[in-house]
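Just so it is clear: chains get the letters A, B, ... in the order the sequence lines come, proteins before strands, and each one is counted from 1.
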Amino acid sequence: MTLPLPFIKIGALISVTALFGAFASYRFAHAGQWLPSLPDKVGIWEMTETPLPASTLELLGSPKATGSDYANPFGEVVRASLVAAGPFENYHDPTVCVTGGGFHLTAKKNFHIDGPKSGEGRAMIFKNGDMRILMYYWQQNRDGSTSAEARMGNYRDIAARLETGYGAVVDGHQTVLVRIYTGIAPDDTNGVQAQKNVDQIAQAIYRSLQKDSAQSSGASS
Amino acid sequence: MWHLARPLKFRFFFAITSAATLLATSGCRDAIENSGEDNAFIRQPGTKSVASNKVKQKTGPLLPTKIGSTWRNRINFRRISAPVNGNQDPSVDDNGVPFIEAYEKAVMAGPSPLAGGGSGVRIDMRPDMQNKINRTETFRVDKSGIYFSRIGGGQTLDALPPVPLITYPIQEDQIKKWTGTLRFNSKSYPAQGYIRVGSAEEVTLPQGKVIAYRVDTALTANIDGRPASFPITRWFAPGIGIIRQHFIEGNLQISKEVDTYKI
């Protein structure tokens, strides 16, 4: 007994879709397996591990993640976190997450993290009354490349989402989401010192991630 | 006519549909991209501020030592300790009484001996409308820079050797480490500290806008095995002196800012 041709075609289509789905799931899971460590010390900054709250991780789909506070002798603190990015839900953009707590986005600028030839990041200011937070955000791929656009902000990010899917499934990218932020003290005119502090930590973390990328590519070659 | 209009229409609609397709697939950029009401808060890393360039055109000592120079400071208090009686408001004291803005007059008194030898200059401070000096600050000021040496008044604090607040030529963002001894009244404790000269910035005073260097100092003494920190931030303006200070005393954050001055 032979199946009618239309059934065979549909069956083949379902099988291919299922196989692709399984392959994509595997590749997305693989994408979220890279979680490098953060530098212990950056100049006069000492690092203390501060794991991300369980509620935050739950919101992000429970990815692998690490968080740290960098404190200097002047009592200033810069917080950094790395979130291993697998499925799309890990990619919650700060412009969506942070604005939930009474803060709203008041400035956004793209910049090169560590000099003109380095990767691109995004700087943002979130404001709530007189309080301001300066945050740097970027997606760092294990091949050393970065990107700064929102991957899961709103419906407008569809192209960036396609890029994420293509990068994870086809190119086999492994990615971490980097967030580095600090509060801007009231006596810090235009947040000059806050940005210098965030710059220092961002550059050190970027270099550390680049080094990790270079080592892993050296190990695999 | 049609032959002429058709290509034009075609081009027009082609352009419109292409643009729409591009927007739909690439995502509209947010209106806030590279802008926003707080745009001034984000600079390209490594760029010098406008104030940094302006301050180089200013002349005059960062701490004028002319005897009789006066600065009238406005003083504000904020509570920093854990709330007492559940009152979270930092603008009231532990009893719930609002802090009142105060004024003091600081006068350059002239040469004064330093604890470790040598000579410096002393600034005397009196609460407004009072003749009694309640605080003094002594600095070593010479060609090499400005060094903090002593706080006097009710209790005395000596730094041995004097702490370099500013050294010439000024290098913005330079962090210096200091190791020495802090002497409270007559007891000495090993101490260390960091001093950071930040970028020049524009500060608005009642007499107008001035450009000043922000200098952060964090001294830590080891007192009976426990670290005690003394953070203080000062703003030095060329030709005027210390125009603003923030420091902690007990459970209070104290801010002083020059209201009027005469050099």
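Note: T233(B) OG1 to D187(A) CG = 6.5 Å, rounded to the nearest 0.5 Å. Atom-to-atom distance recorded for T189(A):OG1 and W235(B):CH2 is 7.0 Å, nearest 0.5 angstrom. How far CD1 of I133(A) is from CZ of F41(B): 13.0 Å, rounded to the nearest 0.5 Å.
For the salt bridge (Lys or Arg N to Asp or Glu O under 4.0 Å) with D38(B), the qualifying choice from K109(A), R132(A), K108(A) is R132(A), the only one to do so.
Counting all heavy atoms, side chain and backbone alike, I42(B) lies closest to A107(A) at CD1-CB, 3.9 Å. Listed here is the closest heavy atom pair of F74(A) and D216(B): CE2-O, 3.4 Å. The two residues P73(A) and A218(B) come nearest to each other via the heavy atoms O-CB, 3.2 Å.
Taking the side chain as every heavy atom from C-beta outward, E201(B) and Q193(A) never approach each other to under 4.5 Å.
The part of E76(A) that comes within reach of chain B is its side chain, from C-beta onward, which places non-hydrogen atoms under 4.5 angstrom from that chain. Within the 4.5 angstrom heavy-atom criterion, no atom of T220(B) approaches chain A. At a 4.5 Å heavy-atom cutoff, the contact between R214(B) and chain A is made by side-chain atoms alone. Contacts between L219(B) and chain A at a heavy-atom distance below 4.5 Å are absent for every atom of the residue. Proximity to chain B is limited to the side chain of D199(A), based on heavy atoms less than 4.5 angstrom apart. When heavy atoms are compared at a cutoff of 4.5 Å, N72(A) approaches chain B solely by way of its side chain, counted from C-beta outward.
The number of heavy-atom neighbours closer than 6.0 Å to CD of E101(B), taken from other residues, nucleotides and ligands shown, is above 12. Within a 6.0 Å sphere centred on CD of E49(A), heavy atoms belonging to other residues, nucleotides or ligands number 12 at most. Surrounding NZ of K196(A) are more than 12 heavy atoms belonging to other residues, nucleotides or ligands, all under 6.0 Å away.
In this structure, the side chain of Q195(A) engages the main chain of R43(B) through a donor-acceptor pair within 3.5 Å.
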